[in-house]
Amino acid sequence: MARGRTVGRRTFLKGAGAATGAALVGFPAVLRAQPKEIRIGAVHPVTGPGAIDGQASRLGAQMAADAVNAAGGIKSLGGTKLVLLTGDSQTKADVARTEAERLVNEGAVILTGAFYSGHSMAMVPVAQQRRVPFLIDISAADVITLNVAQSVKEGKQKTQYVYRNFPTTTAFGRKAIQFMNEVFKATGTSPKRAVLMYTNDPFGKPQSEGFIKAHKELGAPFEIVEVIPFPEVPADLSTEVSKAKAARPDIICPITRPGSAILLLRELAKQRVDIMGVISPGSPGLYEKEQIGALGKLIEYTMDNVPWINPVSPKTRRIAEEYAKRSGGKIFDTNSGYSYEAILIIADVLERARSTEPDAIVEAIRTTDMPDPIMVAAGPVRFNDVGDNANASTAMIQILGQRPLVVHPKESAEAKLVFPAPKFWERG
Amino acid sequence: MTPTLLGQAALNGLLFGGLYSLMAVGLSLIFGVLRVINIAHGDMMVWGSYLAFLLALRVGVDPFVSFVFSAGFLFCVGVLVQRGLVNRVLDAPHEMQILLTLGVALVMENLALVVFGPETRRSESAYGLLTVWLGPLFVDVPRLLTFAVALLLALALYLFLFRTDLGTVIRAAADNPYGARVVGADVSRVYTVAFGIGAGCVGAAGALMSALVPFSPASGFPQTVTSFNIVIIGGMGSLLGAFLGGILVAVAESLGAVLLAPSLKELVSFVLLVLILLFRPQGLLGGRAP
């Protein structure tokens with residue numbers, strides 16, 4: 001009958017569908033060629049127990065995005081500006097994941113974060129399923145990138161979207177032993193007995209295992225005579241320290257968090273533990289401004305093997321000055337530094353990708369060769385076949401004159417290291 | 001594992017136990033009198049810590065003195081919380097009371113986060129690093145002071161409850177609120193005072209704790225859990241039980257750190273809890289009102 005001429009329900013739906021499809025596919029295609037802005041999703045633990053670190057990371061990332069924009073944005077995309085979409089994981093892995101999903105829904109074309117390995121791991125499925133490249137700024141667990149690389153290799157996943165610009169746990173352990181050996185050699189010392197104390201959480205346990213493994217593989221003049229895990233947050237470490245003291249150590253190697261670091265160092269002093277020094281295989285809590293303020297001379301001479309900003313790089317120094325201004329006098333440190341550098345790498349990647357298309361970004365990440373990193377590194381930023389920056393390194397820092405200073409390796413050193421350290425009770 | 005190490009661990013635990021006891025006594029008093037479970041207990045403690053921290057930082061008052069102010073401040077907070085909020089749900093089921101105090105806990109924690117920031121803090125004390133050596137054993141002076149103050153406060157509370165008229169009324173209201181009303185006791189006022197005193201106890205504990213253990217806005221909840229654990233082990237509503245429970249748990253944790261792996265020390269107190277619930281569900285000294 002009149003079917004030929006009037007618009008039937010099905011015809012209407014078809015037409016509407018096609019029009020909507022054209023709107024969805026067609027216009028974004030135009031937009032994609034010249035995006036107005038590029039959204040980067042940054043998930044950090046801004047509240048909860050990880051808040052200090054998360055806030056530092058967020059500020060670092062924000063400052064880097066501002067710096068890139070001030071320098072003219074992404075030039076190959078017509079000066080497109082970066083917009084940092086911030087997510088707060090509340091120091092919970094499940095929230096990290098939902099925040100990542102939210103940011104992708106809000107248009108993030110690349111993700112960064114997430115400080116805790118467990119959180120980064122929770123974000124990996126989002127990156128892989130939604131095809132959003134994820135450049136991890138901070139997280140050390142080897143498996144995060146390794147698992148994805150493995151499943152790509154086995155053909156279970158087509159493309160790897162997860163990359164990392166941070167030393168892995170394995171790298172931490174190996175650098176710790178390497179640097180300790182070099183430090184002992186340079187100072188003509190040879191400590192014989194070490195006690196390893198670590199916070200028994202998803203950060204401390206693998207970190208301590210990496211150290212023990214590297215100690216076995218690389219060898220060192222000292223023996224690890226006692227391994228003492230303690231719960232985080234500990235109410236009291238006096239018994240743990242009594243136990244460490246009973247092992248008659250020459251050095252204490254602690255893996256702490258801010259709360260436990262304060263307890264540990266005070267307890268070492270109270271119980272007059274007679275050691276050559278405190279050398280951490282790599283942990284937070286031993287260099288932050290608040291910690292130095294809280295511990296004063298007790299934290300002096302403490303050494304820590306940590307990823308660190310490169311103090312002899314003029315670029316890094318400029319950023320550090322600006323960071324101090326914007327944070328109310330805080331130190332530009334590992335957390336703020338790596339989150340800053342991640343955004344710089346993302347900008348470099350986008351510049352070369354000339355697109356926000358996921359596979360183009362991944363291709364650009366793979367061919368990254370960014371010289372002059374702002375962090376202490378063994379060379380330019382380059383990603384290996386697992387997806388990790390193979391040149392990401394740590395530095396040996398020491399608290400000297402109430403400031404954390406790089407004392408090793410020599411190329412990046414800004415001060416001369418003091419070892420053995422004066423006894424706790426001889427520090428005036 | 002030497003006898004010295006064991007002795008040292010037992011001593012450390014004993015001296016730390018005073019603090020646990022004070023926390024638990026506050027919680028136990030509130031439960032014993034009002035039959036309300038105060039989830040905000042640990043967060044009240046954190047506020048006590050922050051007040052002591054501020055007084056030490058700005059005015060230079062030692063936390064071993066300023067615990068009085070913390071106790072007073074938290075007493076007022078407790079009175080306000082009881083008058084304004086808890087009073088309305090006294091006859092409601094336990095889960096509603098728990099939800100309410102959980103809400104108070106969340107507000108207090110996040111308020112601390114806004115006001116003080118997320119950093120880990122610790123109060124400076126002139127006695128902070130003092131130690132006294134008894135042969136091979138050392139006595140940590142701040143811990144000794146904490147223990148002494150906690151003991152004195154618990155004693156004062158005992159005298160208040162058993163030697164004053166108001167104390168007698170509080171005990172009467174705890175035993176039988178209806179009966180207490182019949183003989184003319186102002187039970188509503190008693191509840192307010194009891195909640196205030198409970199909060200004051202934990203406020204004082206917070207101030208003392210701030211010189212020993214670093215704290216942050218997030219450290220409230222674990223303290224609530226520890227307090228509950230102790231109160232259940234000691235016996236719900238029993239003040240002496242809470243006091244002894246605190247010392248028992250602290251010594252057990254400390255010895256556990258030596259005898260087992262230190263990260264298992266928290267396990268010790270929870271194993272104790274499970275054993276108590278299995279074999280003596282009323283707690284060590286439970287079943288009686290304060």
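Order of the sequence lines sets the chain letters (A, B, ...), proteins ahead of strands, with each chain counted from 1.
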Self-check item: From B/Phe138 atom CZ to A/Gln271 atom CD, the distance as rounded to the nearest 0.5 Å
Solution: 3.5 Å
Quiz item: Is it the side chain or the backbone of B/Tyr20 that comes within 4.5 Å of chain A heavy atoms, both, or neither?
Solution: side chain
Self-check item: Residue B/Phe116 excluded, over 12 heavy atoms near CZ under 6.0 Å
Solution: yes
Quiz item: Should we say atom NZ of A/Lys216 is surrounded by more than 12 heavy atoms from elsewhere, each under 6.0 Å from it?
Solution: no
Practice problem: Give, as side chain, backbone, both or neither, the part of B/Leu260 having an atom under 4.5 angstrom from any heavy atom of chain A. | Solution: backbone
Self-check item: side chain to side chain contact (heavy atoms under 4.5 Å, CB included) evaluation trace for B/Leu129 with A/Leu298
Solution: CA-CA 10 Å; B/Leu129 287 174; A/Leu298 296 183; 3.8 Å; yes
Quiz prompt | Minimum heavy-atom distance between B/Ala257 and A/Lys243, given as atom pair plus value | solution = O-NZ, 3.4 Å
Quiz item: If every non-hydrogen atom of A/Ala294 is compared with every non-hydrogen atom of B/Glu124, which pair is closest and at what distance?
Solution: O-OE2, 3.6 Å
Practice problem: Under 4.5 Å, heavy atom to heavy atom: which of residues 192-201 of chain A reach chain B? Give them by number, or say none. | Solution: A/Asn200
Quiz item: Hey, which of B/Ser254, B/Ala9, B/Gly13 has the most heavy atom pairs under 4.5 Å with chain A?
Solution: B/Ser254
Quiz prompt | A/Leu263 versus B/Leu212, closest heavy-atom pair with distance | solution = CD2-O, 3.4 Å
Quiz item: Any donor and acceptor pair, going by atom type alone, linking the side chain of B/Arg122 with main-chain N or O of A/Ile262 inside 3.5 Å?
Solution: no
Exercise. List the atom of A/Gly259, the atom of B/Pro214, and the distance in Å for their closest heavy-atom pair.
Key: O-CG, 3.5 Å
Quiz prompt | Between A/Gln291, A/Lys245, A/Glu267, the one whose heavy-atom pairs under 4.5 Å with chain B are most numerous | solution = A/Glu267
Quiz item: With a 4.5 angstrom heavy-atom cut-off, which part of A/Glu288 approaches chain B: side chain, backbone, both or neither?
Solution: neither
Quiz item: Between CZ of A/Arg266 and CG of B/Asp140, what distance do you get to the nearest 0.5 Å?
Solution: 8.5 Å
Practice problem: Mind running side chain to side chain contact (heavy atoms under 4.5 Å, CB included) on A/Ser238 and B/Arg143 for me, showing each step along the way? | Solution: CA-CA 11 Å; A/Ser238 58; B/Arg143 222 163 276 179; 2.9 Å; yes
Quiz item: What heavy-atom pair brings A/Ile52 and B/Thr120 nearest, and what distance separates the two atoms?
Solution: CD1-N, 3.9 Å
Self-check item: Under 4.5 Å from a heavy atom of chain A, the part of B/Gln223 involved
Solution: neither
Quiz item: Can you find a side-chain donor-acceptor pair between A/Arg272 and B/Thr131 that sits under 3.5 Å?
Solution: no
Exercise. Answer yes or no: are there more than 12 heavy-atom neighbours, outside B/Phe69 itself, under 6.0 Å from its atom CZ?
Key: no
Self-check item: Interchain contact, B/Leu113 with chain A, by part (heavy-atom threshold 4.5 Å)
Solution: side chain
Exercise. Check each atom of B/Pro142 against the heavy atoms of chain A and say whether the ones under 4.5 Å are side chain, backbone, both or neither.
Key: side chain
